[in-house]
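One structure below.
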2 protein chains.
Amino acid sequence: MGRKKSFQQSEILIIISDVFVKYGFEGTSLDDLVKATGLLRGSLYSAFGSKRGMFIDALSENIKQQKDSEITINLVIIAMMELAAKDNTIRQLLKQWYKESASSNVMELLGKAVLKRSGILEGGE
Amino acid sequence: MGRKKSFQQSEILIIISDVFVKYGFEGTSLDDLVKATGLLRGSLYSAFGSKRGMFIDALSENIKQQKDSEITINLVIIAMMELAAKDNTIRQLLKQWYKESASSNVMELLGKAVLKRSGILEGGE
DNA sequence: ATTATTTTTGAATGATTGTTCAAAAATAAT
DNA sequence: ATTATTTTTGAACAATCATTCAAAAATAAT
């Protein structure tokens, strides 16, 4: 009973993931998320509770569904750089990812992703 | 002539570097920098121009003076993750660091630092 | 139809953000 | 001493931030 949800949580999380990957956690504003998802603040908050909740759900979902995709790796690094030190819940998620990571050389995987994100390798200008 | 500076730019940059390493770029507020340095906003701005200027000077100075220290590596990763994509000046600094980096395996160096920063390896709890 | 329940809407809130700048203080030159 | 120059001071500013919540809308149950 009650009004029907106008969106599918899993589809919204894909959009949210892209935004966090693009701008980082601190660099992402709620306005960014509102614009990208097409939802209003209230809907996002009733679905995820907080900006942190949105990030945690995005990270969890990506870890669950595509352990070594570029998006997952980027979310993992953002979590490690910006959140893990002060957030135990996120630290636990990262431990799980680390344990289950298929890669044989995690360090190199992470380092390569950081370097790629910087854009210092391509196009001389 | 004129009033004497009450601080040494190079000493302030060491403090500023520590703050940026601790909180990241977006995660660092001017209040954080004011508290840590003991200087007031006006002094910081007349010395460095902007928050971005403070970061750039901190990064440059560290790259110049201790190419592979933990602080330098952390500043480099923060720059790569949060700033490089949209800031050409920072991208150039990072290219210089990359070219002159003494390490034989930069990817692994970066990845190891990210992993260490996350804190997921130590202390089980 | 009426009632109950859930979701959407979006304006409002208070806090925090980076930046500015006129006035005061300190020093050097005349 | 007076003038010129530089730095410090810190209040003020507009912009942006994450979050809240009462009202409206939509759906299901009675």
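Protein chains get the first letters and strands the later ones, always in sequence-line order, with residue 1 at the start of each. Just so it is clear, the model here is predicted, and its values are computed rather than measured.
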Revision key, fill the gap. Residues passing the salt bridge (Lys or Arg N to Asp or Glu O under 4.0 Å) test with A/Lys22, sequence neighbours excluded, are none
**Study point:** Whole angstrom value for the distance that separates C1' of C/dT9 from CG of A/Leu44
**Key:** 12 Å
Check your understanding: What about A/Arg41: does its side chain form a donor-acceptor pair under 3.5 Å with the base of C/dT9?
Key -> no
Point to revise | Whether over 12 other heavy atoms sit under 6.0 Å from B/Lys67 NZ | key: yes
**Study point:** Atom-to-atom span, CD of B/Glu26 to C1' of C/dG18 - whole angstrom
**Key:** 11 Å
**Study point:** Dot-bracket pairing map - DNA chain D, Watson-Crick plus G-U, both contacts under 3.5 Å, | cross-strand
**Key:** ||||||||||||||||||||||||||||||
Check your understanding: Quick one: A/Asp32 CG to D/dA18 C1', roughly how many Å, whole number?
Key -> 13 Å
**Study point:** Separation of C/dT16 C1' from A/Leu30 CG (nearest whole Å)
**Key:** 15 Å
Study note, to complete from the structure: For B/Ala47 and B/Phe7, the nearest pair of non-hydrogen atoms, with its separation, is CB-CZ, 4.1 Å
Review point. In whole angstrom, what separates A/Phe25's CZ from D/dC17's C1'?
Key: 12 Å
Exercise for review: Show your working on side-chain contact (heavy atoms from CB on, under 4.5 Å) between B/Arg52 and B/Asp87 and close with a plain yes or no.
Suggested key: CA-CA 10 Å; B/Arg52 171 175 173 269; B/Asp87 191 319; 2.5 Å; yes
Point to revise | Whole-Å distance separating the CG atom of B/Leu33 from the P atom of C/dT16 | key: 17 Å
**Study point:** Rounded distance (nearest 0.5 Å) linking atom OG1 of B/Thr89 with atom CG of B/Leu93
**Key:** 7.5 Å
Review point. Salt bridge check: are B/Lys116 and B/Glu122 linked by an N-O gap of less than 4.0 Å?
Key: no
Review point. Got more than 12 heavy atoms from elsewhere within 6.0 Å of CD, A/Glu70?
Key: no
Exercise for review: Quick one: sort the B/Phe20 and B/Phe25 rings into parallel, tilted or perpendicular, breaks at 30° and 60°.
Suggested key: parallel
Protein-nucleotides 2-8 of chain C N/O pairs under 3.5 Å:
{"unit_1": "C/dT6", "atom_1": "O2", "unit_2": "A/Arg3", "atom_2": "N", "d": "3.2"}
{"unit_1": "C/dT7", "atom_1": "O2", "unit_2": "A/Arg3", "atom_2": "NH1", "d": "3.4"}
{"unit_1": "C/dT8", "atom_1": "OP1", "unit_2": "A/Ser6", "atom_2": "N", "d": "2.8"}
{"unit_1": "C/dT8", "atom_1": "OP1", "unit_2": "A/Ser6", "atom_2": "OG", "d": "2.9"}
{"unit_1": "C/dT8", "atom_1": "O4'", "unit_2": "A/Arg3", "atom_2": "NH1", "d": "3.3"}

Revision key, fill the gap. note: B/Lys35, atom NZ; C/dT17, atom C1'; distance rounded to Å ~ 13 Å
Check your understanding: Hey, is the main chain of A/Leu39 close enough, under 3.5 Å, to the side chain of A/Ser43 for a donor-acceptor pair?
Key -> no
Point to revise | Euclidean distance, atom NZ of residue A/Lys51 to atom P of D/dT19 [Å, nearest integer] | key: 8 Å
Study note, to complete from the structure: Taking C/dT17, D/dA18, C/dG18 as options, the one with an atom nearest any side-chain atom of B/Asp31 is C/dT17
